[in-house]
Every structure is written in structure tokens, then in C-alpha cells.
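Labels below follow one simple rule: chain letters A, B, ... track the order of the sequence lines, proteins then strands, and each chain is numbered from 1. Since the structure is predicted, the reported quantities are computational estimates derived from the model, not experimental observations.
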Amino acid sequence: AAGVIQSPRHLIKEKRETATLKCYPIPRHDTVYWYQQGPGQDPQFLISFYEKMQSDKGSIPDRFSAQQFSDYHSELNMSSLELGDSALYFCASSLEEPGNSLGEQYFGPGTRLTVT
Amino acid sequence: QKEVEQDPGPLSVPEGAIVSLNCTYSNSAFQYFMWYRQYSRKGPELLMYTYSSGNKEDGRFTAQVDKSSKYISLFIRDSQPSDSATYLCAMSAIGGSNYKLTFGKGTLLTVNP
């Protein structure tokens, strides 16, 4: 079965540079979530999109922005990178019916971002 | 205090043992409860998904939810070395568009042959 695809898998950037992470959800899934997992930490919710509209926002820095496109893929844009942004960034997708039952969230393999 | 508390372990058991993993939570709005398995440097893999209180069984895995105690458990029977991973509990509230997952810190499990 098709899974969530993330690219790139590894990314090395210097401080103050920008980075763009991409996520391709499971076909027919309409919701995308972004999570950040620091070393030895649990995943922390950043932002989510349902049907190309932002649906929820967590502890995402103002330096980060994201969007979901017409084909449902999503991109997380990170500017003015800091050393503390080094982490695994996961995308998850689900098929949601807001107000009804929760769709199961399936995670991608993650993008490992290293800021030097 | 974190919304979801999980003992990080590490937990080491012999092959064939029954493993019990637990989480407690403080947010009474949580209605959906999940267990994910994460191998090193990989994405979390959904193992079990339950709604509200009760038990759910899937092969060697059993998930239990006790909402009155705000306590969830995952039991692994006949544990195998391939079960060695970090197990994360995750929860979500219901309603509107708020389906973000709140995770526990994860328990590192090692099953020794």
C-alpha cells in the first residue's frame, strides 16, 4: 500500500539559511499534519491542513510557514534557521471528517534536518 | 506538567514475556487513543487505535483505555526481538478541526532473545 512520502530524507543547512520540506500524503487522504521531534523527545505538533486550508496550529515558530496545495501535497518552509531547529520533521496524513470520527494518522519516514 | 505522561524506561524483557506499557493523561477532552511503534530513525507506525474506554485486541497486542482513571495500556504477548522499539502513546480530542495528536515521551523496549 502507498505510504506517506517525504523529501528530502536528510537536509543539512547552515544557520540563517532557509529550508523547504515536502510531504506527499497517502492517495485520497485530505488532511496533513506536521510534527517536529527533537533528539530523545516526543513528536510535537506544528500545523495541520484540511482540504488545503489550515485547520490547526501548534507550537510553530513565526519563521516557519506551510501550505497544502491543490494535489494535497504540503510544504513546510523554514527561514532564518537556528541550531535548535535541528530535528526530525514528520508529516502525517489522514482522511478526516471534521466533527465526526478521527481518522487514523499515518506517518512518513521523516526529514532529518541538521543546522550547523 | 505534561498532558500525557509515559515512563521512558528503558524496559528490557526476555523473549516470550508479556510486556505492559502505560500512559496517564490529564486532559479529559481526549477521546481517541493510539499506540505507535517507532524504530530508530524511522517514522512512527500506528499499532492500535481506540475510541473512548474499553479494550481492543489485534493479534499479540491488546490496548486498554480507562477514562475514569485517565490511564491507557498496551499489552504485548509472546514478545519477540522484533518488537524492540520505542512505543509512543498518543491522544486526541474530538470536535471541530482539532485532531492533532499529543504524544507521550515514549518507552524504549528491548526484547532479548
Side-chain angles (χ1 to χ4, degrees), chain A residues 1 3-6 9-10 23 26 29-60 68 87-114, chain B residues 1-10 21 23-25 27 29-52 54 56 58 61 63 65 72 85-108:
Chain A
V4 177
I5 297 172
Q6 289 188 249
R9 295 293 309 277
H10 302 272
C23 169
I26 292 172
H29 279 193
D30 51 17
T31 305
V32 165
Y33 302 80
W34 286 96
Y35 294 86
Q36 177 192 58
Q37 186 175 31
Q41 302 297 314
D42 52 298
Q44 294 291 316
F45 171 73
L46 291 177
I47 195 167
S48 63
F49 293 87
Y50 167 71
E51 284 291 344
K52 293 152 279 185
M53 298 284 288
Q54 181 181 309
S55 54
D56 198 3
K57 196 171 182 180
S59 50
I60 182 170
Q68 186 180 31
L88 263 173
Y89 289 84
F90 290 109
C91 169
S93 76
S94 68
L95 181 62
E96 299 292 359
E97 296 180 9
N100 294 318
S101 61
L102 176 71
E104 298 171 3
Q105 290 187 29
Y106 294 92
F107 281 72
T111 293
R112 180 171 295 278
L113 172 67
T114 302
Chain B
Q1 182 191 8
K2 281 177 65 71
E3 282 188 293
V4 180
E5 297 283 355
Q6 182 176 9
D7 186 344
L21 304 166
C23 288
T24 59
Y25 63 95
N27 187 346
F30 288 144
Q31 296 277 354
Y32 294 95
F33 305 92
M34 285 134 278
W35 285 94
Y36 283 84
R37 176 173 63 193
Q38 186 175 25
Y39 294 109
S40 181
R41 296 173 176 262
K42 303 289 186 184
E45 172 193 6
L46 182 63
L47 279 179
M48 300 289 284
Y49 168 98
T50 54
Y51 170 67
S52 199
K56 184 174 183 179
D58 184 1
F61 298 91
V65 175
I72 71 170
T86 296
Y87 289 79
L88 296 150
C89 63
M91 312 179 185
S92 181
I94 190 172
S97 60
N98 182 15
Y99 293 138
K100 65 184 179 187
L101 296 181
T102 301
F103 285 86
K105 277 203 166 297
T107 300
L108 178 60

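For a residue to count as touching a neighbouring chain, one of its non-hydrogen atoms must lie under 4.5 Å from one of that chain's; by this rule B:Q38 touches chain A with the side chain only. When heavy atoms are compared at a cutoff of 4.5 Å, A:Q37 approaches chain B solely by way of its side chain, counted from C-beta outward. Proximity to chain A is absent for every atom of B:Y51, based on heavy atoms less than 4.5 angstrom apart.
Ring orientation note: the planes of B:F103 and A:Y35 are nearly perpendicular, at an angle over 60° on the 30°/60° scale.
When side chains are defined from C-beta on, A:Q6 counts as touching A:F90, because their heavy atoms get closer than 4.5 Å.
Counting non-hydrogen atoms of neighbouring residues, nucleotides and ligands closer than 6.0 angstrom, the NZ atom of A:K57 reaches no more than 12 such neighbours. Under a cut-off of 6.0 angstrom, the local environment of NZ in B:K42 is sparse, with at most 12 non-hydrogen atoms contributed by other residues, nucleotides or ligands.
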